[in-house]
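Model, not experiment: these values are computed from the prediction.
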Amino acid sequence: MEINLISDTVTKPSQEMLRAMFQAEVGDDVFKQDPTVIKLEAKVAEMFGMEAALFFPSGTMANQTAIKLHTQPGDQLIADKWAHVYNYEGGGASFNSGVSCCLLDGNRGLITAEQVAGAINNPEFYHSPLTSLVCVENTTNKGGGACYDFEEFRKIRQVCDANNLKFHLDGARIWNALVATNDNPKDYGKVFHTISVCLSKGLGAPIGSLLLSDKATIHRALRIRKILGGGMRQAGYLAAAGIYALDSNLERLTEDHRRARELGAILEKLNWVSKLEPIETNIVIFEVQPLINEFDLLEKFKQKGISIISMGHGKLRMVTHLDYREVMHNYVMETLEKLIL
């Protein structure tokens, strides 16, 4: 039995999802003539109470498009030091948009309105880059799936409005956050200028993200997507997977969260674990004792048929997901309890 807990992106489409994909009505989405893509975009925009959405092949491209929409070369965006847009998008903010990043020392990837206010450069002081955008991530990846208190979003938006800044949400795992906090997605549409959401994390779709905003902004995003090479033709086959995922796999995220908590309950009792991050959703991050070689530990897991990932400096990550079944979960918990280092 091979068990992959490296990420929630490792899932494969179910037979039911594949059936929905095969039966999709398609057209040429580059000409905005694919009915299934149009249906998906309208569905997700309506969920968040926003005017329009645009389908992208990846969350990185959706985020990079948002940054391009809201900035000019030489500007600066504000984000947490662990933000995906800074750490895991290949330097795209500088390459694609010519912007620098002001990185805040948040808590588990979560930043506050007070921190944002303190990081904004004086727009009249032309020696410093012009601050134009704030990017936040919910849930936080490197922060172990931590969720924002929605009230903090409102406070950050007030700071943005007072300083003529745009506010973007990297919602790669927004579905996990919504299930964990029971927040209303339409409230997100009222607070953020743009939102990216991912269908291939947690929900089990093979590919796809969307960028949400008002109609005028999404019309501008269409040109940027083209420039970045993100136009796809009969993309309705992929959009159909997203529609199926939203209709069938959203509520079951509670199972991923339960299993993550149960893994954490075992890890915090093990003498070779030095620290366990709080577990709110489907990401489990823990650190091993200083004298333990994390790569030797990864190899021990691999010998047991379990794949997890290193985040460096003795920090390891497990991510529960749709294809991580209960029989696998029981085996992993038993293996953890018996593992001696």
Side-chain angles (χ1 to χ4, degrees), residues 7-9 11 17 40-56 59 62-63 66 80 83-85 106-111 134-157 167-205 208-213 239 241-261 277-284 319-322 324:
S7 176
D8 46 5
T9 61
T11 58
M17 182 180 286
L40 173 64
E41 291 171 342
K43 180 182 182 70
V44 178
E46 194 280 330
M47 287 178 69
F48 286 84
M50 302 190 86
E51 288 183 351
L54 186 63
F55 190 46
F56 282 80
N63 284 335
D80 182 81
H84 193 279
V85 296
N107 176 30
R108 300 178 63 215
L110 309 173
I111 59 176
V134 177
C135 294
V136 293
E137 188 179 338
N138 201 28
T139 67
T140 63
N141 178 13
K142 287 191 74 173
C147 303
Y148 271 89
D149 180 334
F150 194 84
E151 189 56 36
E152 198 64 45
F153 286 148
R154 290 194 175 96
K155 293 177 182 177
I156 295 173
R157 175 58 189 262
F167 195 18
H168 172 66
L169 171 65
D170 173 4
R173 292 184 174 88
I174 186 63
W175 316 112
N176 295 89
L178 290 170
V179 167
T181 63
N182 204 32
D183 288 333
N184 187 338
K186 285 185 167 57
D187 289 337
Y188 280 77
K190 297 174 184 176
V191 167
F192 291 95
H193 294 99
T194 50
I195 300 173
S196 68
V197 301
C198 183
L199 302 171
S200 61
K201 295 184 181 74
L203 295 186
S209 289
L210 296 100
L211 185 66
L212 289 60
S213 192
I243 292 171
Y244 177 87
L246 289 167
D247 290 342
S248 306
N249 295 339
L250 189 53
E251 295 304 321
R252 62 148 303 281
L253 289 173
T254 56
E255 289 298 301
D256 296 344
H257 299 175
R258 172 184 64 82
R259 289 172 182 147
R261 289 193 300 271
E277 293 288 352
I279 299 170
E280 297 181 45
T281 50
N282 68 322
I283 300 178
V284 180
V319 186
T320 57
H321 52 75
L322 177 65
Y324 177 59

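Scanning both residues, G189 and I195, for their nearest heavy atoms gives N-CD1, 4.2 Å. Minimum heavy-atom separation, C147 to N138: CA-OD1, 3.3 Å. Residues A45 and A52 approach most closely at CB-C, 3.8 Å, considering heavy atoms. Taking all atoms of both residues into account, the shortest heavy-atom contact from H321 to V319 is CD2-O, 3.3 Å.
For D183, there are no salt bridge (Lys or Arg N to Asp or Glu O under 4.0 Å) partners at least two apart in sequence or on another chain. With sequence neighbours excluded, the residues that form a side chain to side chain donor-acceptor pair (under 3.5 Å) with R108 are E280. Residues that satisfy the side-chain contact (heavy atoms from CB on, under 4.5 Å) test with D80, not counting sequence neighbours, are W82, I111. Scored by the side-chain contact (heavy atoms from CB on, under 4.5 Å) test, A260 finds I279, V284, T320 as partners (sequence neighbours excluded). With sequence neighbours excluded, the residues forming a side-chain contact (heavy atoms from CB on, under 4.5 Å) with S248 are Y244, listed by chain and number. In this structure D187 satisfies the side-chain contact (heavy atoms from CB on, under 4.5 Å) test together with F150, R154, N184, K190, sequence neighbours excluded.
In summary, the side chains of D256 and N176 do not present any donor paired with an acceptor at a separation below 3.5 Å, with no hydrogens or angles considered.
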Practice item. Could you walk me through whether L211 and H168 pass the side chain to side chain contact (heavy atoms under 4.5 Å, CB included) test, one step at a time? Key: CA-CA 10 Å; L211 185 66; H168 172 66; 4.0 Å; yes
Exercise for review: Give the intermediate values and the outcome of side chain to side chain contact (heavy atoms under 4.5 Å, CB included) for residues L110 and T140.
Suggested key: CA-CA 7 Å; L110 309 173; T140 63; 3.5 Å; yes
Exercise for review: Would you please test V136 and E152 for side chain to side chain contact (heavy atoms under 4.5 Å, CB included) and show each step?
Suggested key: CA-CA 11 Å; V136 293; E152 198 64 45; over 6 Å; no
**Study point:** Criterion salt bridge (Lys or Arg N to Asp or Glu O under 4.0 Å) on K155 and D149, from CA distance to verdict
**Key:** CA-CA 10 Å; K155 293 177 182 177; D149 180 334; over 6 Å; no
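Side-chain atoms of E137 come within 3.5 Å of backbone N or O of H84 as a donor-acceptor pair.
Partner Y188 forms a ring pair (Phe, Tyr, Trp, His ring centres under 6.0 Å) with one of F167, W175, F153 and no other, that one being F153.
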